[in-house]
**Q** 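Let me begin by handing over the structure; questions about it come next.
Computation of the quantities below employed the complete heavy-atom set of this structure, encompassing side-chain atoms and omitting hydrogens, waters and symmetry-equivalent molecules. First listed ligand is number 1; within each ligand, the first listed atom is number 1. Note that this is a predicted model, so its numbers are computed, not measured.
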Amino acid sequence: MSKSIIDVQSLTAVYGSVQALKGVNLKVEKGEIFGLLGPNGAGKTTLLAVVEGLHKPQDGIVHIGGINVQADSTATKRQLGIQLQKTALMDDMTVSELVEVYAALYEVYLTSGQIDKLLARFDLVEKRNTLARRLSGGQQQRLALAVAIANDPQIVLLDEPTSALDPHARRAVWDIVRQLHDEGRTIVLTTHAMEEAEALCGRIAIIDRGEIVACDSPSALIANLQLNSMLKATVELPLDQVRALPSVSHARYTGQHLEMETAKPELTLSALHELASSAGRSVRDVMLRQPNLEDVFLKLTGRALSESN
Ligand SMILES: Nc1ncnc2c1ncn2[C@@H]1O[C@H](COP(=O)(O)OP(=O)(O)O)[C@@H](O)[C@H]1O
Ligand SMILES: [Mg+2]
């Protein structure tokens, strides 16, 4: 039997003729923050839904704590705290009623003191009698997290916990995720934001078009591909000419910014200046940056993380 707290083997899942997961293998170890990083449509929500026992796979097996999810979804659900991507919280209920009801779904009956204690962790005590629909985006997301851990689960599954949040609200959620991890819980979260994966996760599976294309720590993912530095500049030049510059292995535009992967940044930069001046253009905002997970994704799939499938 696998020692991993979540063990996904050869998982395939379909919606009609759409193959959402194509033979996914994945092991999550107890106590880690594990990230599923991939663009919209990659299959992240579907993978969580199968693990949660909410979507029946076409093929494959999921074990949680050694128990087969398909065989005993009640036992496995007890270990899980779930925050769905589209939280359909019953918004005509107050904050404290929602926490109470969700805990009761797991046969956990909270006293009002326990509810207040839980809400305090999420900075929601003052909102206890407020209707859920009157909360701000950040407050709703924190409520979704409070609801997810109302049954005191060992494993917390978070589907895009910070999408559509402003940077401040996003950081508040990151802090909560880190606290849940510090308490010894295992966290699996999905994201399409590489900075979120880098900031929170000990290990990451990069998922694209229903397949895991790489799985490791963020630093190992970057190191293993031996990516070069990225030279950035603001300049308008034809891409084919940029790609022909010495030492450039990859070049693309993100908005007005030209990004070039190069093993020899100085050589490339001086050639870029020559090319630009012969075209009567100027090179501005030159920057050199270390490779990141976005570059890993681009290298592995040929597409940017921000593009949908
Ligand atoms: N209910 C559904 N009906 C039909 N197709 C779906 C449904 N849910 C998801 N899909 C498709 O399955 C694929 C994976 O979707 P999803 O798991 O939601 O990806 P992600 O969460 O990474 O954005 C996509 O091609 C998506 O369009
Ligand atoms: Mg999703």
**Q** Please check if the side chain of Ser96 supplies one atom and the backbone of Arg128 the other of a donor-acceptor pair under 3.5 Å.
**A** yes
**Q** Look at Thr45 and state whether any of its N, O or S atoms is less than 2.8 Å from the Mg ion (ligand 2).
**A** yes
**Q** Checking the N or O distance criterion of under 3.5 Å, is ligand 1 in contact with Thr45?
**A**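 Yes, there is a polar N/O contact under 3.5 Å.
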**Q** Among Asp123, Thr130, Leu124, find the one that has a side chain to side chain contact (heavy atoms under 4.5 Å, CB included) with Gln139.
**A** Leu124
**Q** Touching ligand 1 at all, Gly43? Heavy atoms, strictly under 4.0 Å?
**A** yes
**Q** Salt bridge or not for Arg142 and Asp175, using N-O below 4.0 Å?
**A** no
**Q** Looking at Arg170, is its backbone amide N or carbonyl O close enough to the side chain of Thr162 to form a donor-acceptor pair, meaning the two atoms are under 3.5 Å apart?
**A** no
**Q** Does Val18, backbone or side chain, put an N or O under 3.5 Å from an N or O of ligand 1?
**A** no
**Q** Check ligand 1 against Pro39 and write out every atom of the ligand that is under 4.0 Å from a heavy-atom position of the residue.
**A** 22 (O)
**Q** Spell out, as yes or no, whether a donor-acceptor pair under 3.5 Å connects the side chain of Glu294 to the backbone of Leu305.
**A** yes
**Q** Heavy-atom contacts with Asn40 under 4.0 Å: which atoms of ligand 1 show up? List them by number with element.
**A** 23 (O)
**Q** Does any N or O of ligand 1 fall below 3.5 Å from an N or O anywhere on Gly41, backbone included?
**A**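 Yes, there is a polar N/O contact under 3.5 Å.
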**Q** For Asp285 and Ala233, indicate whether the former's side chain and the latter's backbone hold a donor-acceptor pair under 3.5 Å.
**A**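 Such a contact is absent between Asp285 side chain and Ala233 backbone.
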